[in-house]
Trainee: 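Below is one structure. I have some questions about it.
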Amino acid sequence: MCRIGAIKSKKKLHPSIALKLMRSQQEGHDDSGFAFVMQDMGGLFENYKELPLLSMAATVEGTRLAEDILREIGFSRVMQWSPDINNQKGLKIEAMPNYIFEVLQYPKSYKHATKEEKEELLIDTAIRLRKALEESNSGFIYSFWPDTLTLKEIGSPRDIGTYFNLWEGNKDLTSSIITAQCRQNTNYDIVRYAAHPFFIEGYTGLVNGENTFYEKNKSYQKRLYKGYMGFESDSQCLLYTLHYIHKILKWPIQYFKHTITPLEYDEIIKRQDKEILLRIKASLAHLEINGPNTFLAVTPDKEMLCVCDSKKLRPVVIGKNEDTVIMTSEVVGINDLMPDRNIEDDIYPNEHETIIVKNDLTVERWQQ
């Protein structure tokens with residue numbers, strides 16, 4: 001099984017906290033990789049929240065290719081941060097030559113563009129960059145979105161932390177939301193894109209488990225939206241469905257659970273909202289999932305989300321104190337980071353719940 005974690009805090013946190021959360025659960029991963037997404041940035045990125053932040057890893061050729069594409073479109077660099085690499089001998093890591101984390105200014109023609117027009121430009125640019133890097137086999141683009149930084153790497157989580165000097169916190173690289181997973185995608189080919197968390201247009205998702213309706217989901221989702229691509233992992237389908245329900249269809253987020261694990265017909269017909277639920281069950285049957293999984297997510301509103309499969313076959317626990325909420329696979333991780341919390345307040349979500357962590361850290365439990 002994978003081990004996953006999502007942290008939301010009133011404070012700005014360094015990604016070392018995600019490494020420590022995963023270290024506590026190290027028996028549940030296989031030293032194949034580590035990845036994280038940071039949102040609501042602090043530190044060096046705090047003053048650039050409205051501008052797109054590019055996260056990518058590339059060869060020298062891929063770096064030049066991406067720079068040429070961005071310059072052609074009209075983007076200009078505002079600020080760049082480079083990790084302090086510690087390339088000591090013996091580290092288990094398949095490092096790329098260059099890691100690029102840079103804030104860009106929109107093209108001048110977008111000075112008076114709407115939020116929607118800017119978002120369309122960013123997804124189109126991200127798709128173009130990804131295709132160009134894939135064709136030349138020269139790099140990977142992980143996210144291109146405001147207030148979001150992503151790193152994915154293959155190897156030992158411990159050594160990845162050492163290579164990027166992430167074990168010791170500092171004030172340069174911080175955020176109030178960090179999602180992380182400590183295992184690569186070992187059901188399929190090990191490639192960086194397959195590592196959780198996954199990201200699209202402000203939505204982040206990560207999964208412990210598997211989705212046995214992957215092929216059905218994938219064939220349907222490919223026709224729904226241009227940004228649904230890659231499909232290196234069956235878990236990406238859950239993120240794409242969340243994005244489709246919430247951003248494209250603009251439905252309330254509680255209908256996400258009714259889409260991926262709909263109630264049985266006999267249960268639906270007893271409810272006041274049966275007409276809506278029956279239509280979802282009939283029209284979006286190709287987005288239903290199956291198999292053991294726990295799904296954690298972050299929305300563009302910076303709220304965190306947790307849902308489980310219809311039989312609750314993968315573990316998850318939620319703990320909190322006055323300034324931080326942690327969702328993760330095993331309680332030992334929360335014990336290490338929050339030893340003084342009130343453990344009686346811990347939440348173990350059930351198979352029919354959607355857990356939402358609001359921006360004031362209020363935890364809401366919605367029954368399906």
Trainee: Check step by step if side chain to side chain contact (heavy atoms under 4.5 Å, CB included) holds for Arg3 and Thr328.
Mentor: CA-CA 7 Å; Arg3 290 297 180 268; Thr328 195; over 6 Å; no

Trainee: May I ask whether Leu287 and Tyr265 are part of the same hydrophobic cluster, defined by side-chain heavy atoms of I, L, V, M, F, W, Y residues being less than 4.5 angstrom apart, directly or through others?
Mentor: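 Linked within one cluster.
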
Trainee: Using the six-membered ring of Tyr203, assess whether NZ or CZ of Lys247 lies under 6.0 Å from its centre and within 45 degrees of the ring axis.
Mentor: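 Cation-pi check for Lys247 and Tyr203: fails.
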
Trainee: Just wondering, do Leu305 and Ile356 contact through their side chains at under 4.5 Å, heavy atoms?
Mentor: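 Side-chain contact under 4.5 Å: yes.
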
Trainee: Atom CD1 of Ile123 and atom CE of Met229: how far apart are they, to the nearest 0.5 Å?
Mentor: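 The distance works out to 8.5 Å.
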
Trainee: Should Val325 and Ile343 be regarded as members of a common hydrophobic cluster, given that ILVMFWY residues are connected when their side-chain heavy atoms come within less than 4.5 Å of each other, either directly or indirectly?
Mentor: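 No: no chain of side-chain contacts under 4.5 Å links Val325 to Ile343.
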
Trainee: Is the shortest side-chain heavy-atom distance between Arg192 and Met96 below 4.5 Å?
Mentor: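 A side-chain contact under 4.5 Å exists here.
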
Trainee: Could you grab the distance from atom CG of Leu21 to atom CD1 of Ile178, nearest 0.5 Å is fine?
Mentor: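 Rounded to the nearest 0.5 Å, the CG-CD1 separation comes to 10.0 Å.
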
Trainee: Take Gln88 and Thr162 through the side chain to side chain donor-acceptor pair (under 3.5 Å) test and state the conclusion after the steps.
Mentor: CA-CA 9 Å; Gln88 61 181 254; Thr162 299; 5.7 Å; no

Trainee: Could you walk me through whether Asn217 and Asn211 pass the side chain to side chain contact (heavy atoms under 4.5 Å, CB included) test, one step at a time?
Mentor: CA-CA 9 Å; Asn217 292 167; Asn211 170 23; 2.7 Å; yes

Trainee: Run the ring-centre check on His196 versus Phe198 and record whether the distance is less than 6.0 Å.
Mentor: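 Here the rings of Phe198 and His196 have centres that are less than 6.0 Å from each other.
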
Trainee: Does CZ in Arg271 sit with more than 12 non-hydrogen atoms of other residues, nucleotides or ligands closer than 6.0 Å?
Mentor: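 Count over threshold, so yes.
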
Trainee: What's the separation between atom CE in Met41 and atom CG in Asp147, rounded to the nearest 0.5 Å?
Mentor: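 Nearest 0.5 Å value for the CE-CG distance: 7.0 Å.
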
Trainee: Are any of the side-chain nitrogens in Lys226 or Asp124 under 4.0 Å away from the carboxylate oxygens of its partner?
Mentor: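 The answer is yes: the pair qualifies as a salt bridge.
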
Trainee: With a 4.5 Å limit on heavy-atom distance, are the side chains of Arg158 and Leu91 in contact?
Mentor: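 Heavy-atom side-chain distance check fails, nothing below 4.5 Å.
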
Trainee: Treat each ILVMFWY residue as a node, draw an edge where side-chain heavy atoms are under 4.5 Å apart, and state whether Leu65 and Val60 are in one component.
Mentor: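 Unlinked, Leu65 and Val60 end up in two clusters.
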
Trainee: Can you measure from CD1 (Ile100) to CZ (Arg77) and round to the nearest 0.5 angstrom?
Mentor: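 So the CD1 of Ile100 and the CZ of Arg77 are separated by 9.0 Å.
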
Trainee: Do the side chains of Arg341 and Asp346 get close enough for a salt bridge, i.e. N-O under 4.0 angstrom?
Mentor: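 A salt bridge is present here (some side-chain N lies under 4.0 Å from a carboxylate O).
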
Trainee: Applying side-chain contact (heavy atoms from CB on, under 4.5 Å), name anything that partners Glu72, two or more places apart in sequence or on another chain.
Mentor: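 In terms of side-chain contact (heavy atoms from CB on, under 4.5 Å), with neighbours along the sequence ignored, Glu72 is linked to Arg128.
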
Trainee: If you count every heavy atom of other residues, nucleotides or ligands that lies below 6.0 Å from Glu116 atom CD, does the total exceed 12?
Mentor: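 Yes, enclosed.
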
Trainee: Is there side-chain contact between Thr294 and Pro349, with at least one heavy-atom pair below 4.5 Å?
Mentor: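 Side chain of Thr294 against side chain of Pro349, heavy atoms only: no contact under 4.5 Å found.
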
Trainee: State, with a plain yes or no, whether a side-chain heavy atom of Asp345 is found less than 4.5 Å away from one of Asn321.
Mentor: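 Asp345 vs Asn321: side chains apart.
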
Trainee: Can you confirm whether Phe75 sits close enough to Leu122 that some side-chain heavy atom of one is under 4.5 Å from a side-chain heavy atom of the other?
Mentor: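 SC-SC contact between Phe75 and Leu122 confirmed.
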
Trainee: Under a 4.0 Å threshold between the charged nitrogen and the carboxylate oxygen, would Lys311 count as salt-bridged to Glu351?
Mentor: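 Salt bridge flag = no for Lys311 with Glu351.
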
Trainee: Apply side chain to side chain contact (heavy atoms under 4.5 Å, CB included) to the pair Thr324 and Ile17, showing each step before the final yes or no.
Mentor: CA-CA 12 Å; Thr324 304; Ile17 193 171; 5.6 Å; no

Trainee: Taking atom NZ of Lys49 as the centre, report whether more than 12 heavy atoms of other residues, nucleotides or ligands fall under 6.0 Å from it.
Mentor: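 Counting neighbours around NZ of Lys49, more than 12 heavy atoms of other residues, nucleotides or ligands fall under 6.0 Å, so yes.
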
Trainee: Any carboxylate oxygen within less than 4.0 angstrom of a Lys/Arg side-chain nitrogen, looking at Arg64 and Glu67?
Mentor: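 No, this pair does not count.
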
Trainee: Ignoring hydrogens and angles, tell me if any N or O in the side chain of Lys8 forms a donor-acceptor pair with the backbone of Met304 under 3.5 Å.
Mentor: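 Answer holds: no.
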
Trainee: For Asp40, which of Lys10, Lys302, Lys12 qualifies under salt bridge (Lys or Arg N to Asp or Glu O under 4.0 Å)?
Mentor: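 With Asp40 as partner, Lys10, Lys302, Lys12 yield a single salt bridge (Lys or Arg N to Asp or Glu O under 4.0 Å), made by Lys12.
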
Trainee: Name the one of Lys257, Lys312, Arg365 that satisfies side-chain hydrogen bond (donor to acceptor under 3.5 Å, both in side chains) with Glu353?
Mentor: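 Going through Lys257, Lys312, Arg365 one by one, the side-chain hydrogen bond (donor to acceptor under 3.5 Å, both in side chains) with Glu353 is satisfied by Arg365 alone.
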
Trainee: Relative to the ring of His243, is the ring of Tyr225 parallel (under 30°), tilted (30 to 60°) or perpendicular (over 60°)?
Mentor: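 Ring orientation, 0 to 90° scale: tilted.
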
Trainee: Would you please classify the geometry between the Trp81 ring and the Phe101 ring as parallel, tilted or perpendicular, with 30° and 60° separating the classes?
Mentor: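 Phe101 and Trp81: tilted rings.
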
Trainee: Any chance the side chains of Asp360 and Thr362 put a donor and an acceptor closer than 3.5 Å?
Mentor: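 Yes.
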
Trainee: More than 12 heavy atoms of other residues, nucleotides or ligands under 6.0 Å from CD of Gln272: yes or no?
Mentor: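 For Gln272, atom CD is not crowded (no more than 12 foreign heavy atoms under 6.0 Å).
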
Trainee: Mark yes or no for whether Thr174, through its side chain, and Gly43, through its backbone, hold a donor-acceptor pair below 3.5 Å.
Mentor: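 Such a contact is found between Thr174 side chain and Gly43 backbone.
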
Trainee: Between Tyr228 and Tyr244, what is the ring plane arrangement, given parallel below 30°, perpendicular above 60°, and tilted in between?
Mentor: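 Rings of Tyr228 and Tyr244: perpendicular, over 60°.
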
Trainee: Are any non-hydrogen side-chain atoms of Met79 and Phe45 less than 4.5 angstrom apart?
Mentor: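 Yes - at least one pair of side-chain heavy atoms lies under 4.5 Å apart.
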
Trainee: Same cluster or not: Trp145 versus Val78, using hydrophobic residues (I, L, V, M, F, W, Y) connected whenever any side-chain heavy atoms lie under 4.5 Å apart?
Mentor: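 Yes; tracing contacts between hydrophobic side chains, which count when under 4.5 Å, links both residues.
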
Trainee: Does any non-hydrogen side-chain atom of Val298 lie less than 4.5 Å from one of Thr179?
Mentor: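 They are in side-chain contact.
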
Trainee: Are Phe164 and Phe36, when compared by the centres of their aromatic rings, separated by less than 6.0 Å?
Mentor: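 No.
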
Trainee: Is it the case that atom CD in Glu50 sees more than 12 heavy atoms from other parts of the structure closer than 6.0 Å?
Mentor: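 Counting neighbours around CD of Glu50, 12 or fewer heavy atoms of other residues, nucleotides or ligands fall under 6.0 Å, so no.
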
Trainee: Say whether Ile318 and Leu296 are linked into one hydrophobic cluster, either directly or through other cluster members, by side-chain heavy-atom distances under 4.5 angstrom.
Mentor: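 Both belong to a single hydrophobic cluster.
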
Trainee: Salt bridge or not for Glu135 and Lys131, using N-O below 4.0 Å?
Mentor: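 The answer is no: the pair does not qualify as a salt bridge.
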
Trainee: Considering the options Tyr142, Tyr193, Phe140, which one meets the side chain to side chain contact (heavy atoms under 4.5 Å, CB included) requirement together with Arg130?
Mentor: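 Going through Tyr142, Tyr193, Phe140 one by one, the side chain to side chain contact (heavy atoms under 4.5 Å, CB included) with Arg130 is satisfied by Tyr193 alone.
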
Trainee: Quick check: are there more than 12 heavy atoms from other residues, nucleotides or ligands sitting under 6.0 Å from CG of Asn342?
Mentor: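 Yes.
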
Trainee: Would you say Thr63's side chain and Glu61's backbone share a donor-acceptor pair under 3.5 angstrom?
Mentor: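 Not at all, since once roles are kept as given, no pair shorter than 3.5 Å links the two residues.
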
Trainee: As an exercise, state the distance from CG of Leu239 to CZ of Phe295, rounded to the nearest 0.5 Å.
Mentor: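 Leu239 CG to Phe295 CZ: 5.5 Å, rounded to 0.5 Å.
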
Trainee: Could you measure the distance from the CG atom of Leu166 to the CD atom of Glu153? Nearest 0.5 Å is fine.
Mentor: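 It comes to 11.0 Å.
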
Trainee: The test is side chain to side chain contact (heavy atoms under 4.5 Å, CB included); show your working for Tyr240 and Leu224 and say whether it passes.
Mentor: CA-CA 10 Å; Tyr240 291 159; Leu224 291 179; over 6 Å; no

